[in-house]
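Residue numbers begin at 1 in each chain, while the letters A, B, ... track the order of the sequences.
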Amino acid sequence: MSDPFDLPFFDEPGGEPAPNPPARKGGGGIAARAMAARGGPQAQTPDYVSGLNPEQRQAVETTEGPVLVLAGAGTGKTRVLTTRIAHILATGRAYPSQILAVTFTNKAAREMKTRIGVLVGEAVEGMPWLGTFHSIGVKLLRRHAELAGLRSNFTILDTDDVIRLIKQLIQAEGLDDKRWPARTFANMIDGWKNKGYAPKDIPEGDARSFANGKGRELFQAYQDRLKTLNACDFGDLLCLPIRMFREHPDVLAEYHRKFRYILVDEYQDTNTAQYMWLRLLAQRPRSRQDMTPQGGDNRPSDRSDAPAQASADRRDAAVSANESQQINICCVGDDDQSIYGWRGAEVDNILRFEKDFPGATVIRLERNYRSTAHILGTASHLIAHNEGRLGKTLFTEHADPDASKVMVHAAWDSEEEARAVGETIEQLQRPDRDGRTHNLNDMAILVRASFQMREFEDRFVTLGLNYRVIGGPRFYERQEIRDAMAYFRVVAQPADDLAFERIVNTPKRGLGETTIRTLHDIARARGVPMLTAAEDIVETEELKPKPRASLRNVVENFRRWQKMLDNTPHTELAEIIFEESGYTDMWKNDRSAEAPGRLENLKELVRSMEEYESLRSFLEHVALVMDAEQNAEQDAVTIMTLHSAKGLEYETVFLPGWEEGLFPHQRSLDEGGRSGLEEERRLAYVGVTRAKRNLHIWFVSNRRIHGLWQSTIPSRFLDELPEAHVDVQESGSSYGGYGGAFAQGRGGGYGNAGRQNPYGASRFDNVGSPGSGSFSNTYATPGWARAQANKTAATDRNWGTRSGQGIERIGYGESDSQRGAGRGSVKTRTIEGELIAKSTMDTPSAFSVGDRVFHQKFGNGNVAAIEGNKLTIDFDKAGQKRVLDGFVTGV
DNA sequence: TAAGGTGAAGTTTTT
DNA sequence: CTTCACCTTA
């Protein structure tokens, strides 16, 4: 479709919602299924539900009325969601276009699309309303842009644009942009928008706390600026539709008629704005009352608890239950996996579902198909320490006598931790007695904070162990990609001043600060885009001849490209723009080590544009889908944060860094108090439940944080694990190397089961011994108490007078000298947010000593030595480094 | 304009 | 200890 904004409002056949559309519509797959399903009231089970367990089946077949599916980890949540949609379609309850299905991530949306496709055939193509909250928000706004004060070709700004814009505003206010960082304010705005606040709604305290009390004015100024730019930020994609629905009940009513089934994935992650958005769509107006069920302010505290409101809700539910066109909402989630409170998610939304939707059916999925009983037992026992849960207990029906317990390991410091994990991985890779090997693809290391990854990467590079890092800088966040996108944006949307400013002097054209400022001021004064202002100004005497000529050239370029927009293939146009603007030349002339990579990325960008029909649809997509696909071809261990691991599963999982202060993270405790701690515990729960068969948890006694060695104490979560399912592993050689006295002094033999230690009994000393008690959910457990004692004792012992802060210096230089040359600085995360350390021990290196080579990060250098696939290279600039040969190319 | 020095800050992340 | 942004200097 060349113009995606020009669709008819109702895309279902006939323009009117039909309660029972003919089964044949929407594709042969559906028709066939539907026929099968319609054999009669007691017709045989359609085969798509036959593989489901009773609870799953109930969740699929309870199509009418509000439904909450509490789906524990590994219980087939996605399967239920997709089968439910397939069921609704196959039984002719709705057309694809009458189903609204929302997810949080593009990845989840994509997966759902694919899986529904498998169930139902090509009809998915006709599910226009399956997507993320944000992408559906865009769709609504494009259709009704004028109702939200925008034009339908509005731009979506990403975080970087937003920060630059705010910085301008802060400076325009005459404020010090160091004291009031734009980034902080951008975060505040995002927080407000997550709650659905417009500038007038924000709490007085919030408004005062920023910019000498000018917070509210600044927020308003920001919104005004967005409007003139014909742009909105991510938060607006949620807030503007809400406002539009409130102000235009007729539009909302159209969508009420349209959406007959609403499905929400990961409901525990919804923030207040998303919640309001859903309620507006899911609740029909009651006959005489206001459109918005909770009145103007939808904050959690002042709704649902009011008795009058509750009974009104009940009445409403009773009415709508009898109504033929009721809207059926089904939310799927797991309160125990809510880990995004820090960015505005309200666990409360899921806890309150039954109040919000009276008469709701609540279905629990507790039958786990993923993990062993030991892992499930561990997870359940751990999460039981949280209060305020809806309560679920995972179980498995597949007893596995061979399953190993969850292993808890101790290490002296993070380096040893990485080394030991590396060893374990190498052991797992060797064929077992049945000759089976464990793929690296089935292993993952899940860390709390990204700085932990570094140690593992360094170690794995040394070992030549393949790994991949998920997360990190992404393709579309790279400078050259953003520059290129800015060119495209100005061509497609000439009013996009932010994009214009970004590239007007990139490459350098002698258009310095003064010229830009003049241009900016004139544009603001006349209320026109900067490009228009530039067009005018090059005809006057306001600029000096040099910049004037240069600017004229820029303007002419853009005008020419704009003319080409509609009659030139967009990939071709992209290349023309790069050439004619001098952008490619800029990087070709750049001597820095990154330049070739950047040119490569630009080519990749053009390649990826081929998938889209037009420059416009490409831009639209990129604004929302900021992820580049990962290549999973290589067999490699995955390293990522616990947050990004949600929804994934691995045969073997390593969870390093279970220490107080890191996990639970100190900042969560400081800022979030008890609920912060509980969120950390849920994060631990997510981590544990990622494992299918093997789980290894690690903690260390010493960790270097901000370059400063700190002695650490084991995480309280370790004391919350159930003894029956956990083994403490002595880590043998690597741990034993420090000598007995030292071992005791450093932390008292965690991990040395049965060894005497001076601090009293730890539960880890007694694992497996009969009669050792269970652990209460206070933190006064033996291990915890011992750890507390240990903290002070160890500190006093080593440093005599240091107070019990749990922080001590262990000496800088010593560990550096142990590391040896070439260690500790091998950076590998440079390409595509992911780089795989290639290991080719069997194949000899393609290089020989003395070869001239190029490395993405370090630039040019000469090969000094070769061991297997590991090269020692003297880099011209970066000095001597050891790298794998896969990272360098011959010159 | 580019390179080098200085200083502050340093969870988690999607859209 | 690192990274990154910004400011100064040639």
Side-chain angles (χ1 to χ4, degrees), chain A residues 102-109 131-138 156-160 162-163 167 177-179 181-184 187 190 193-194 232-239 266 269-271 273-274 338-345 414 446-455 470-474 476-477 505 507-510 512-513 590-592 620-627 640-646 657 661-672 676 679-680 682-684 686-687 703-710 809 812-813 815-816 819 824-825 827 833 877:
Chain A
V102 272
T103 63
F104 276 80
T105 63
N106 292 298
K107 196 176 153 208
T132 62
F133 277 99
H134 295 266
S135 68
I136 290 168
V138 177
I156 301 157
L157 303 184
D158 65 26
T159 322
D160 207 71
V162 168
I163 288 170
K167 193 163 189 177
D177 62 336
K178 285 219 179 90
R179 185 161 144 72
R183 181 175 298 277
T184 311
N187 286 332
D190 197 52
K193 290 190 174 174
N194 283 159
C232 63
D233 61 19
F234 284 123
D236 285 337
L237 299 181
L238 300 173
C239 292
E266 305 280 17
D269 287 338
T270 46
N271 61 39
Q274 286 159 335
S338 162
I339 54 174
Y340 286 109
W342 52 275
R343 65 175 200 220
S414 49
L446 310 181
V447 298
R448 174 65 243 265
S450 45
F451 74 83
Q452 294 173 260
M453 294 178 177
R454 186 42 186 291
E455 205 93 47
I470 311 284
R474 287 187 260 151
Y476 289 107
E477 283 166 11
N505 197 31
K508 298 272 181 287
R509 301 185 174 102
E513 204 186 332
D590 189 304
R591 289 271 136 251
S592 71
E620 172 88 358
H621 222 81
V622 168
L624 293 172
V625 186
M626 296 289 275
D627 57 352
M640 66 180 139
T641 63
L642 286 160
H643 282 91
S644 39
K646 191 161 80 159
L662 177 59
F663 194 32
H665 200 283
Q666 193 56 48
R667 202 149 144 185
S668 295
L669 301 178
D670 292 346
E671 288 171 13
E679 182 153 313
E680 294 286 294
R682 290 194 291 268
L683 199 50
V686 167
R703 194 173 286 280
R704 194 170 47 182
I705 297 169
H706 306 332
L708 180 66
W709 282 99
Q710 299 189 261
R809 264 164 207 269
Y812 276 97
S815 74
D816 275 342
R819 275 153 201 263
S825 54
K827 308 270 175 33
K877 287 183 183 160

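Separation of the P atoms belonging to C:dC4 and B:dT13 is 16 Å when rounded to the nearest angstrom.
Classification of A:K193 and A:D233 as a salt-bridged pair holds, one side-chain N sitting under 4.0 Å from a carboxylate O. Between A:K646 and A:D269 a salt bridge is recorded (basic side-chain N to carboxylate O distance below 4.0 Å).
Relative to the side chain of A:H134, the nucleotides B:dT14, B:dT15, C:dT2 differ in distance, and B:dT15 lies closest. Distances were taken from every side-chain heavy atom of A:F234 (C-beta onward) to each of B:dT15, B:dT11, B:dT13; the shortest belongs to B:dT15.
Distances shorter than 4.0 Å separate none of the side-chain N or O atoms of A:N106 from OP1 or OP2 on B:dT14. At B:dT11, none of the side-chain N or O atoms of A:S450 fall inside 4.0 Å of OP1 or OP2 (strictly under the cut-off). The side chain of A:T641 places an N or O atom within less than 4.0 Å of a non-bridging phosphate oxygen (OP1 or OP2) of B:dT13.
For the pair A:R183 CZ and B:dA8 P, the interatomic distance rounds to 18 Å; values are reported in whole Å. Taking atom CD on A:Q274 and atom P on B:dT15, their separation rounds to 12 Å, with Å as the unit. Atom P of nucleotide B:dG10 and atom CG of A:D670 are separated by 14 Å, given to the nearest angstrom. Here B:dT12 presents its C1' atom at 11 Å from CG of A:L662, a figure rounded to the nearest Å. Atom CG of A:N187 is separated from atom C1' of B:dA9 by 15 Å (rounded to the nearest Å). Rounded to whole Å, the distance from CD1 on A:I163 to P on C:dC6 is 11 Å. Rounded to an integer number of Å, the gap from A:R682 CZ to B:dT11 P is 21 Å. Rounded to whole Å, the distance from CG on A:D190 to P on B:dT14 is 13 Å.
Residue contacts shown for A:E680 include a base, since a base heavy atom lies under 4.0 Å away. A:K167 comes within contact range of the sugar-phosphate backbone alone, with a heavy-atom separation under 4.0 Å but no base atom that close.
Under the stacking definition used here (centres under 5.5 Å, planes under 30°), the residue A:W342 fails to qualify as stacked on the base of B:dT11. For A:H706 and B:dG10, the ring-to-base geometry satisfies the stacking test (centroid distance below 5.5 Å, interplanar angle below 30°).
Side-chain contact between A:L642 and A:V447 is absent, with no heavy-atom pair separated by less than 4.5 Å.
Annotation: A:W342 is in aromatic contact with A:H643 [ring centroid separation under 6.0 Å].
Toward the 5′ end of DNA chain B lies the nearest nucleotide of A:R509, the other residue of the pair A:R509 and A:L237 mapping further downstream.
With values rounded to the nearest 0.5 angstrom, A:F234 atom CZ is found 9.0 Å from A:L157 atom CG.
Glycosidic conformation of B:dT11 is syn; the angle stays within 90° of 0.
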